[in-house]
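Worksheet: the structure to be examined is printed underneath.
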Amino acid sequence: MLQREYIQDLKNLVDQEVTLRGWLYNKRSSGKIRFLILRDGTGLCQCVVMKNAVDEATYNAADELTQESVFTVTGKVQATDKAIGGYEIFVSKIEVGQKSEEYPITPKEHGIEYLMEHRHLWLRSSRPWATLRVRDSLIHAIRDFFHDRGFICFDAPILTPNAAEGTSTLFETDYFDEGKAYLSQSGQLYGEAGAMAFGKIYVFGPTFRAERSKTKRHLNEFWMVEPEVAFMDLEGDMELAEDFVHYIVTRVLEERKNELAILDDGSGRLVARAEKVLKPFHRMHYDEAAKILDKYWDEKLASGEELPPTFKRFQYGDDFGAYDEVALTSQYDAPVIVHHYPAAVKAFYMKRDPNEPDKALAMDVLFPEFGEIIGGSQREDDLNELLKRLEEHQLPQSIFEWFLDLRRFGSVPHAGFGLGLERLVMWICELEHIREAIPFPRTLTRIWP
RNA sequence: UCCUGAGUAGCUCAGUUGGUUAGAGCAUCUGACUGUUAAUCAGAGGGUCGUAGGUUCAAGUCCUACCUCAGGAGCCA
C-alpha cells in the first residue's frame, strides 16, 4: 500500500506535513511561483510551489507536469480562502509519475459529442464527478430505506423469456437451444412473485428498452428500483412512494451539498429546490389533472402564444405528453402524484377501480418542471380479470402461466412502483440530458465507450 | 418512425451580396512575471472547409445526393 492522505480529509490535517497522490487537474504560474491543482478522486487541492522553498528538481518537476500527469506531492497543509476547497499544500517535494501528452479534454469548453466520445476521461472532470457522487448517494439511500423497513432485496433476472408488458421493443439474443431470450425491461412481474414469498421486496437492477427514443429523458439502458408489497393498496403505494422519495432526496442533501454547489456554481439553487420535496406531495385524480390541463391549454391557446410545432392539445382520456407533464407540475414546488389514469392507456397488470371501472388503480409521481420519475399501481389480483386483460392486450397466456399461478395460489391485494434512478439524478442535478446521469450511457446512437 | 438544424485547425467557433495567401480563443512549444483562480502578456507551429458530384472565369459560401451528429415529438422510468 502506497502511503498517502486524501484531499477530502485535509480539514483534519491543518499545519501537518502530508503526502498526496493524484493527477494534475490544472496549472497556473506567476514568476517564480507555481500553482498545481491536484486531483485525487476525492476532491481538488491547490499545491503551491515557491522557487526558494524547494530544490531544483522539484521546481523543474512543477514546470514539466502536463494536464492529467501523475505526481506525488509532499508539503504542509494550510487553510486559505484563496484556493478551491479551502485548503492548500505548501509544497516541499514533488515526484513525477506517468506523464500525459496532449490530454484531449482541456479547461476550455467542448461539444457534447466530443465529450461523450471521451466519456472515459470526461468522468474525471468536476461536473461528471459531482453528478456521479450524487448518484452514489442515491443508490446507498435506496438500499438503506428498504433495508431499514424490512424489505428483502430480490434480484430479478436480466435474461427473460418474454416481454413484461408486451408492447415495448426488446433487445433480443440467442439462448442455447431454448430459442430467443430478451433483456429485461422490468423486474416487476418477478417482484410480484417475491412479494408473495417475502411480504415486501425491492428489485434494483439494470433495465433495457429497445425503443428508438430520442429525447433528453430516455436511455436504452438504465437503472430502476421497483418495490412490491403484499397486502398493500393504491393508497399505501402512494404513501410508500412519498416516504421513499423524501428519504432519498434528504440523504443527498445531507451527504452531497458540496457536489450540488459544484453543479449550480455555488448559487444554492439545487439545494433550495431539493429542500422543497416535502411530504405530503400534491395528490390529484386524473379527472382533476385533466381539468387543470384543459384550462391551462385553453388559456395558452387564447393568449396567442406560439406553441412548439410538435405540440398536441391534450384530450380527456389521453396519457399526458411531455408538454402536459411540465405544464401540470410547473404550478407546484413539490412533486405531484396523479392517480386513477384511464385503464386504456395503462398496462394489463394494473387493477381497475371497482367504483370507476374505466380507471386503473395507477399513479405517477411527476417532478416539478420535469415529469414522470415514478410509475406505479395496485396490481390485478383476480385470476379471471387478469385473463381478460391478457386477451384485450392480445398477449399469449402461455408465457404468463407462472405469473397467473400467483393468482391461483394465495392471491392478495398488492402494489408497487418503479423509480428511474437516472431521472431522479437528472432532476436533482438539473442536468440538460439524462446521459450525464450514468457513467457510460447507452442511447440510440451511442454504445461506445 | 416523424419534424428541424449543424458539420471549417487537436477542441469551441467566426467567415459578409461567390472574389487575392481561410481567421480568433483554448490546447501544444518558446519567452516574461513571487498569490494565480478558464491567470495574464509577447511570439511560433498547426487546415483535403463531412463525402461525392454539379453550376461558375472563380465555391468554405450556390445546387443535388449521401454520411454523421445534435435538438424536438411519440413510446416510457
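Atom set for the values below is all heavy atoms of this structure, side chains included, hydrogens, waters and symmetry mates excluded.
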Using whole Å, what does the distance between atom C1' of nucleotide B:C26 and atom CD of A:Gln67 come to? 11 Å
Measure from CZ on A:Arg127 to C1' on B:A38 and round the result to the nearest Å. 15 Å
Taking the same atom, P, in B:A65 and in B:A6, what whole-Å distance lies between them? 16 Å
Pick the C1' atom in B:U12 and in B:A38, then give their distance to the nearest Å. 13 Å
Rounded to the nearest 0.5 Å, what's the gap from CD on A:Glu64 to NZ on A:Lys99? Could you check? 4.0 Å
For nucleotides 30-36 of chain B, 5' to 3', base contacts (B), sugar-phosphate-only contacts (S) and non-contacts (-) with protein non-hydrogen atoms under 4.0 Å give ---BBBB
Got a list of protein N/O to nucleotides 1-10 of chain B N/O distances below 3.5 Å?
| unit_1 | atom_1 | unit_2 | atom_2 | d |
| --- | --- | --- | --- | --- |
| B:U1 | OP1 | A:Arg212 | NE | 3.4 |
| B:U1 | O4 | A:Arg212 | O | 3.2 |

Using the benzene-type ring in the case of Trp, are the ring centres of A:Tyr190 and A:Phe154 under 6.0 Å apart? no
Please work out which of the three classes, parallel, tilted or perpendicular, describes the rings of A:Phe367 and A:Phe281, given edges at 30° and 60°. perpendicular
Relative to the ring of A:His339, is the ring of A:His285 parallel (under 30°), tilted (30 to 60°) or perpendicular (over 60°)? perpendicular
Which part of the nucleic acid, if any, lies within contact of [X], taking any heavy atom under 4.0 Å across all strands shown: a base, the sugar-phosphate backbone alone, or nothing?
{"X": "A:Thr207", "value": "nothing"}
{"X": "A:Arg435", "value": "sugar-phosphate"}
{"X": "A:His118", "value": "nothing"}

For residues A:Arg313 and A:Leu301, determine if any side-chain heavy atom of one lies less than 4.5 Å from a side-chain heavy atom of the other. yes
Compare all side-chain heavy atoms of A:Trp23 with those of A:Val70 and state whether any distance is below 4.5 angstrom. yes
B:G74, OP1 or OP2 - any side-chain N/O from A:Arg209 closer than 4.0 Å? no
Salt bridge [X]-[Y], side-chain N to carboxylate O under 4.0 Å:
{"X": "A:Lys279", "Y": "A:Glu239", "result": "no"}
{"X": "A:Arg251", "Y": "A:Asp144", "result": "yes"}
{"X": "A:Glu242", "Y": "A:Arg283", "result": "yes"}
{"X": "A:Glu325", "Y": "A:Arg423", "result": "no"}
{"X": "A:Glu380", "Y": "A:Arg352", "result": "no"}
{"X": "A:Glu255", "Y": "A:Arg133", "result": "no"}
{"X": "A:Lys346", "Y": "A:Asp364", "result": "yes"}

Is it true that A:Tyr349 and A:Gln188 share a donor-acceptor pair across their side chains at a distance under 3.5 Å? yes
Under the side chain to side chain donor-acceptor pair (under 3.5 Å) rule, what do A:Tyr316 and A:Asp287 come out as? Steps first, then yes or no, please. CA-CA 8 Å; A:Tyr316 184 86; A:Asp287 288 351; 2.5 Å; yes
Residues from residues 320-336 of chain A lying under 4.0 Å of RNA chain B - heavy atoms: A:Gly321, A:Ala322, A:Tyr323
Numerically ordered, the residues 217-227 of chain A set in heavy-atom contact under 4.0 Å with RNA chain B is A:Arg217, A:His218, A:Leu219, A:Phe222, A:Met224
Would you sketch RNA chain B in dot-bracket for me? Only Watson-Crick or G-U wobble pairs with both distances under 3.5 Å count, crossing pairs as [ ], other-strand pairs as |, the rest as dots. (((((((..((((.....[...)))).(((((.......))))).....(((((..]....))))))))))))....
Any donor-acceptor N/O pair under 3.5 Å between B:C76 base and A:Arg423 side chain: yes
A:Phe403: what forms a ring pair (Phe, Tyr, Trp, His ring centres under 6.0 Å) with it, not counting sequence neighbours? none
